[in-house]
Participant: 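After the structure tokens below, expect a handful of questions from me.
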Amino acid sequence: MTKWPDQMDYLSLGKRVRLHRMMYEHGPGNGKLLILPIDQGLEHGPVDFFPHPLCEDPDFQFRLAAEGGYSGIALHLGLAEKYAAKYAGKVPIVLKINGKTRIPPANQPVSPMTASVEDAVRIGADAVGYTLYVGSPGQYDDFNQFRQVKRDADRYGMPVIMWAYPRGEAIDKKGGRDSVFAVDYAARVACELGADVVKLNVPIDDPKKRSQERPPYDKLELSYNERVRKVVKSAGKTLVLFSGGSMMGDDDLIKRAKACLDEGAAGLIFGRNLWQREWADALKITEKLKQMMLES
Amino acid sequence: MTKWPDQMDYLSLGKRVRLHRMMYEHGPGNGKLLILPIDQGLEHGPVDFFPHPLCEDPDFQFRLAAEGGYSGIALHLGLAEKYAAKYAGKVPIVLKINGKTRIPPANQPVSPMTASVEDAVRIGADAVGYTLYVGSPGQYDDFNQFRQVKRDADRYGMPVIMWAYPRGEAIDKKGGRDSVFAVDYAARVACELGADVVKLNVPIDDPKKRSQERPPYDKLELSYNERVRKVVKSAGKTLVLFSGGSMMGDDDLIKRAKACLDEGAAGLIFGRNLWQREWADALKITEKLKQMMLES
Amino acid sequence: MTKWPDQMDYLSLGKRVRLHRMMYEHGPGNGKLLILPIDQGLEHGPVDFFPHPLCEDPDFQFRLAAEGGYSGIALHLGLAEKYAAKYAGKVPIVLKINGKTRIPPANQPVSPMTASVEDAVRIGADAVGYTLYVGSPGQYDDFNQFRQVKRDADRYGMPVIMWAYPRGEAIDKKGGRDSVFAVDYAARVACELGADVVKLNVPIDDPKKRSQERPPYDKLELSYNERVRKVVKSAGKTLVLFSGGSMMGDDDLIKRAKACLDEGAAGLIFGRNLWQREWADALKITEKLKQMMLES
Amino acid sequence: MTKWPDQMDYLSLGKRVRLHRMMYEHGPGNGKLLILPIDQGLEHGPVDFFPHPLCEDPDFQFRLAAEGGYSGIALHLGLAEKYAAKYAGKVPIVLKINGKTRIPPANQPVSPMTASVEDAVRIGADAVGYTLYVGSPGQYDDFNQFRQVKRDADRYGMPVIMWAYPRGEAIDKKGGRDSVFAVDYAARVACELGADVVKLNVPIDDPKKRSQERPPYDKLELSYNERVRKVVKSAGKTLVLFSGGSMMGDDDLIKRAKACLDEGAAGLIFGRNLWQREWADALKITEKLKQMMLES
Amino acid sequence: MTKWPDQMDYLSLGKRVRLHRMMYEHGPGNGKLLILPIDQGLEHGPVDFFPHPLCEDPDFQFRLAAEGGYSGIALHLGLAEKYAAKYAGKVPIVLKINGKTRIPPANQPVSPMTASVEDAVRIGADAVGYTLYVGSPGQYDDFNQFRQVKRDADRYGMPVIMWAYPRGEAIDKKGGRDSVFAVDYAARVACELGADVVKLNVPIDDPKKRSQERPPYDKLELSYNERVRKVVKSAGKTLVLFSGGSMMGDDDLIKRAKACLDEGAAGLIFGRNLWQREWADALKITEKLKQMMLES
């Protein structure tokens, strides 16, 4: 029988049932999560599909998620309604319920709602995804909006994955959105506000910006693994997913992903690094990742 | 028996019943849509009626829609309540449920609600129309407002046609509202947010502004047909309607309209190009359009 | 039996019953409307009562409306509750449900709610009055607020009279609030948003400002009667009331009022021009107006 | 049997029952109102208690109201809940349901809600008090907020006392918050918006500022009594309470108070002038006031 | 039998039951409160855990609260859900229901909601904590938000502890957030708005800033004990908790804490001063504090 992690004993029955599907019935199957996100068309626009035009059709990602055996696919309601039926039951859905284009100036970001927890229940999703901009001047509205999502999610037993993204001028002045200070704070915020899972970027240690960070972060010199470990610890009992960012070589990808799992991450959420590849190549790297995850 | 397009198998029963009326029982009758919009009196003011004063009376457009055999007429609640009764059952109604005058400065556009999905149900409309300003600084309110419209539309089985219009300073700086970049992004937004049908303008390729567009759009040189094909593809399973804009010659009109249908558009939404004409002329061009659509 | 105007066949039963009272059981009695407004104390302050101090007591206007036989009296909830009981059934009430003082700068005007449609039902009013500032930067909130009023009015069968007032910097730059352009647009907005009756000011043709108007209005040279006819036509099936503005001589008043009716107006809404007069004089001019209306 | 004032015949049964308690069963007993306000701790801070430290304990004011036989005590929910139980039934409560500190800049004042009409019902209050800032740039929110208070008050039969305070830059430019223009307008606003009772300050005639007032107020030269009479008349059927402001000598106090009653005021609302005194002195001046009121 | 303080006789049954648990069944047990807050991870970020890394795991504070025998632990919903189950029934929970990060500029602070009173009921908390920023330009929203919290708390019998923090530019100009003026006003606000318990900082008397305070505070020279006494008195029947602020020596801590209790405080809420210590040290100082509280 699969071992349910102690740190998640606090979860309600509905949340456990849904997360169990993603953690043990799909993906690597050992409790680790491998999520394929396809919300970039909204967040970045169709530009992300230029390197590999076939991937503009969301069916490509659904097929990859199904045949590659991912833990879930993360996307907005429109794509779910239009493309998921063919894969019903074969790929767990993480319904992103807020999002935005990146066209208007992002100086006070709050991500508007594009769907509700009820929509997630209605379409049979196994989790909702919410983007919270930690440190943004729009924090007041963002926290209040998240609280209502969490209230509904608790009511329906729907797990909440928080995309915890540092943003805003104050963040930029303190080392930037990928600084250890920023990501570490974001991890704690996710834990305190009651996310069940948090998606973080692995922080970067940029010696040129380090002195701008809030003390004592300005004196921290941490290796890649140490940075991952630091933010995983700040997230406490909240499961941590790390993202992949833009394309990189296979060895690098596997190596960095492994470091995340070694340091306590619950899984990975890789998008462009996977679906910007040709079909065969995308399946191959998926297999490598899953193998590595099974061995971690 | 008529062939319902595969790409729309995802639709709920109520939406299918209503769209079926517009696609097969009215208009060309082969699944293509020819919509007559009469919301310009609100959006532009009575100036649009100066070239042909008879058309100021909305009965003119209703009569044209009925005798010309359009798939539907798109308008605001006030006009529907006051002028539609005589044509009940003869012309499907697309109820525009948001709109605005163009008098106040448009630097942060969100279009306020003028009616609700419930109103559309109450007056027997077959679809609602919602204008979303893609890229506008008012995006937060616009997305949230649209989400509630979509929630109600899903509840009542009412198809949603999104007028997806790029707007705002950031759009102006990146090639303008009719650039391929802007319209292409708008098409994808409509798809991801869950519109059933999207109304787009055919993008313009202005060599002088091309370099302002976000890469790699700044390097794209596309013909008229290629531009149509590009944005139809970005809309995915969302049906695409193209608009006509201001008056042009008949041959040009038919030629451009045909190109849209050839490249995958589901239909046309032509207003001023049709009702700014004398009665006989308006009927004649309507027939030509429908004939062309039947042959496409 | 009285002839109900064809253009209003679209109205629901409740609205017909209520308008019938104002159009045929009160006022001239031939379907024309003569309304006495007494909302100036809120909109302008007590200054409007200085020329004739007796009229500061709202009983003066109620008595004038009752003895003069007006179609209705338009006022805010506080005055209705405090002064109407004595005249219950003798004077139809038009409950103004939004309004404001003119003290704070009017650069972004939206008129806040002072009562609800439910209040109008509760106090036995026969219509509600709503002020919409066409062209104001506050248009988004104003439209949304009006939509809710209209929703409730439709639910309760309560006629809606829209005070359609052009306002805001953009209006000022395009010929001003009384330009043909501005009033003509306002008339159409009232029609499209679903007002049953619209109150307009007769536009002014100021040759000095004409060139500022939006083309082709900048080329229009219209007589008084033509201006009235133009905006009545833009209002379509919406009944039009014209207002009187500040005091003028009797002959002028009658002559201008007659022109309005000749060109299609449904009635008049005259306040200061009537109640700033001595009692006998006010009754006399009322009689003259009604006589003229009966002959129109 | 007591004579209920004709001007208040319009009131609903619940409002009459409650006002009756304050007008005839407490206070002078002849229909006149003497209210003791103790909301200064919130509005001004504890500074108002420095002249007489004993009065910082709200029990001081409750005891004064009970033993002095006031018509009511006006205060916020926190004080009512914590200090009123001991005096239940002995002192009618006017629950102030909005209020604010004066710390942040007051350039756009709207007073936030601190309780609801339901709270007033629940604690057995006989009226609610609402502060409306006439002329403030925040007028839109203020009117809308007041309307909801009035709606609830009408539903529950709870009398509404409006603290009608002119405020804002536009007021400052037109002679200031205590000018005849400002207070006169405030009186009319209270009447039109539907307050049952209005609290006003006696306007000041400052010859230096008079010319700033809106014509024809800039030409008015009115005595103290005439100013009181003017604003009482503008309030119409709304009962008027005048406030005391800061401390003054006994003779002055009585003389000014008498003038208010002589000119038609329904009562007085005196705070600091009463409770900033020693116990015996406070009781004595209370008796003098009540005696004067009985003789008026 | 324990003596319930007279000043709290006003409380509803539900609030008494819950406060009784914290006052007599946990903590010192004599009616005094010793609360351990662990909301710093959200408010300050993980920086507060650097001096003593073990305390980053919230289990550390829960264990300290349980073994040290605190009256309660104050924290946000996420931490409560994830870490409290093991200590269910052993440590009363004060659920902080609003909070924020300190990253974005704090020029208009209102603290967004992170949970609701219903959440507190659901997780078995014995009180809710709400941060109100007294004097902030965001006062309008803050008061309105608090009022709704209070309404729900009254409905459910849930005690409300207000963190009453002076903030904002106007406060900075009048002697700062720790001035006697600011804290004294905050104490009164908590009392008038209806908090059951208020958390205050002991005011500082900084001779350099004293002259900036609002008169007559600018002339006050008060000792530590006098300052505590002053603000406890301004809080009236509201129970007062004093906070500890950043680390200090044991003797100082006990001495200052004792002064608070001597001058009427109901208890202490000490966070970093306690859990930034090693385990044995933290337990030891806890015992000393409780011993002192029992002797007070």
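Naming convention: chains lettered A, B, ... in sequence-line order (proteins, then strands); numbering from 1 in each chain. Values below: all heavy atoms of this structure, side chains included; hydrogens, waters and symmetry mates excluded.
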Participant: Under 4.5 Å from any heavy atom of chain B, what part of C:Ala182 do you find: side chain, backbone, both or neither?
Facilitator: neither

Participant: Do C:Lys237 and B:Tyr83 form a cation-pi contact, if we require the NZ or CZ to be under 6.0 Å from the six-membered ring centre and within 45 degrees of the ring's axis?
Facilitator: yes

Participant: Which residue is it: C:Val128, C:Thr131, C:Thr114? I am looking for the one with a side-chain contact (heavy atoms from CB on, under 4.5 Å) to C:Lys96.
Facilitator: C:Thr131

Participant: What part of C:Ser136 gets within 4.5 angstrom of chain B, counting heavy atoms only: side chain, backbone, both, or neither?
Facilitator: backbone

Participant: Need one label for C:Pro215: side chain, backbone, both or neither, based on atoms under 4.5 Å from any heavy atom in chain B.
Facilitator: backbone

Participant: Only one of C:Thr238, C:Leu239, C:Leu11, C:Ile161 forms a side-chain contact (heavy atoms from CB on, under 4.5 Å) with C:Asp196, so which one is it?
Facilitator: C:Leu11

Participant: Counting only non-hydrogen atoms closer than 4.5 Å, does B:Leu75 touch chain C with its backbone (N, CA, C, O), its side chain (CB onward), both, or neither?
Facilitator: neither

Participant: According to the interplanar angle, ranging from 0 to 90°, do the rings of B:Phe60 and B:Trp279 count as parallel (below 30°), tilted (30 to 60°) or perpendicular (above 60°)?
Facilitator: perpendicular

Participant: Between OG of C:Ser179 and CZ of C:Arg214, what distance do you get to the nearest 0.5 Å?
Facilitator: 11.0 Å

Participant: Using non-hydrogen atoms only, which part of C:Ala186 is less than 4.5 Å away from chain B: side chain, backbone, both, or neither?
Facilitator: neither

Participant: Please classify the contact between C:Asp9 and chain B as side chain, backbone, both or neither, with a heavy-atom cut-off of under 4.5 Å.
Facilitator: neither

Participant: Is chain B contacted by the side chain of C:Lys233, its backbone, both, or neither, given a heavy-atom distance below 4.5 Å?
Facilitator: both

